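Only a predicted model underlies this, so the values are computations on that prediction, with no experimental measurement involved.
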Amino acid sequence: MAELFRLQGCLMCPGITSGHTQASSPVGTTSGYFVRIGETSRPLSAEQLKEIFIKKIDHSKAIESLSQTVIKQTEEIGKLRDSFEQANSWKRKFFYAFLGALATGVAKLLLVMIGITIG
């Protein structure tokens with residue numbers, strides 16, 4: 001088991017890694033970002049960090065996901081537009097107006113039949 005030691009007021013524990021001579025991505029600390037090469041760590045400037053992330057990020061997946069979302073939203077908007085146009089058609093409005101007038105007539109007829117008259 002590795003022994004702990006103090007370095008600049010911090011408790012440290014040595015670690016041994018094997019198999020990789022370079023880290024797959026930069027490591028961030030409160031002191032900045034570093035890249036591991038062999039047995040050393042090299043600090044990265046903001047421009048170097050930007051270049052690394054631009055190279056590593058696969059924008060094609062994000063663009064594909066975004067385009068699929070836009071396609072789905074366009075389809076939903078089309079369905080909503082069709083539904084709205086159907087609901088606001090003059091045929092539907094006429095049907096509901098006719099249905100309302102018919103229901104009013106039936107209600108008045110029933111009231112007259114039981115002896116209640118409405119002015």
Side-chain angles (χ1 to χ4, degrees):
M1 175 149 185
E3 290 189 33
L4 301 176
F5 63 94
R6 289 205 175 275
L7 178 66
Q8 296 178 351
C10 295
L11 191 59
M12 307 295 278
C13 176
I16 299 172
T17 61
S18 63
H20 295 289
T21 58
Q22 182 171 353
S24 59
S25 62
V27 176
T29 69
T30 56
S31 303
Y33 283 90
F34 299 86
V35 65
R36 183 86 176 152
I37 299 174
E39 295 183 15
T40 63
S41 295
R42 184 175 51 112
L44 296 172
S45 69
E47 190 60 35
Q48 290 171 323
L49 185 62
K50 178 180 161 186
E51 287 176 16
I52 287 172
F53 278 109
I54 286 174
K55 288 178 188 174
K56 287 188 179 253
I57 296 174
D58 183 10
H59 295 287
S60 64
K61 289 179 185 176
I63 292 169
E64 179 64 28
S65 174
L66 182 60
S67 77
Q68 291 301 320
T69 301
V70 169
I71 288 169
K72 287 178 186 176
Q73 287 179 344
T74 303
E75 290 172 359
E76 288 298 314
I77 289 169
K79 289 176 188 175
L80 290 170
R81 182 180 295 124
D82 292 343
S83 174
F84 183 72
E85 287 173 359
Q86 269 186 336
N88 282 329
S89 72
W90 68 269
K91 291 176 185 177
R92 184 162 296 235
K93 289 178 181 179
F94 177 76
F95 171 74
Y96 286 124
F98 178 75
L99 194 61
L102 185 63
T104 302
V106 169
K108 282 186 179 182
L109 182 62
L110 288 174
L111 290 173
V112 168
M113 289 174 64
I114 61 170
I116 300 173
T117 56
I118 299 178

Side-chain donor-acceptor contacts of residues 63-87 below 3.5 Å, not counting sequence neighbours, with atom names and distances?
{"unit_1": "Glu64", "atom_1": "OE2", "unit_2": "Gln68", "atom_2": "NE2", "d": "2.9"}
{"unit_1": "Ser67", "atom_1": "OG", "unit_2": "Glu64", "atom_2": "O", "d": "3.0"}
{"unit_1": "Thr69", "atom_1": "OG1", "unit_2": "Ser65", "atom_2": "O", "d": "3.0"}
{"unit_1": "Thr74", "atom_1": "OG1", "unit_2": "Val70", "atom_2": "O", "d": "2.7"}

Which distance, rounded to the nearest 0.5 Å, do you find between the CD1 of Ile114 and the CG of Leu109? 11.0 Å
N/O donor-acceptor pairs under 3.5 Å from side chains in residues 46-54, not counting sequence neighbours:
{"unit_1": "Gln48", "atom_1": "OE1", "unit_2": "Ser45", "atom_2": "N", "d": "2.8"}
{"unit_1": "Gln48", "atom_1": "OE1", "unit_2": "Ser45", "atom_2": "OG", "d": "3.4"}

Other hydrophobic cluster members with Tyr96, side-chain heavy atoms of Ile/Leu/Val/Met/Phe/Trp/Tyr under 4.5 Å, chained? Phe95, Leu99
Hydrophobic cluster partners of Val112 (side-chain heavy atoms under 4.5 Å): none
Pairs meeting criterion salt bridge (Lys or Arg N to Asp or Glu O under 4.0 Å) with involvement of residues 89-112, two or more places apart: none
In chain order, what residues pass the side chain to side chain donor-acceptor pair (under 3.5 Å) check against Ser41, with sequence neighbours excluded? Arg36
Can you confirm whether more than 12 heavy atoms, excluding those of Phe34, are under 6.0 Å from its CZ atom? yes
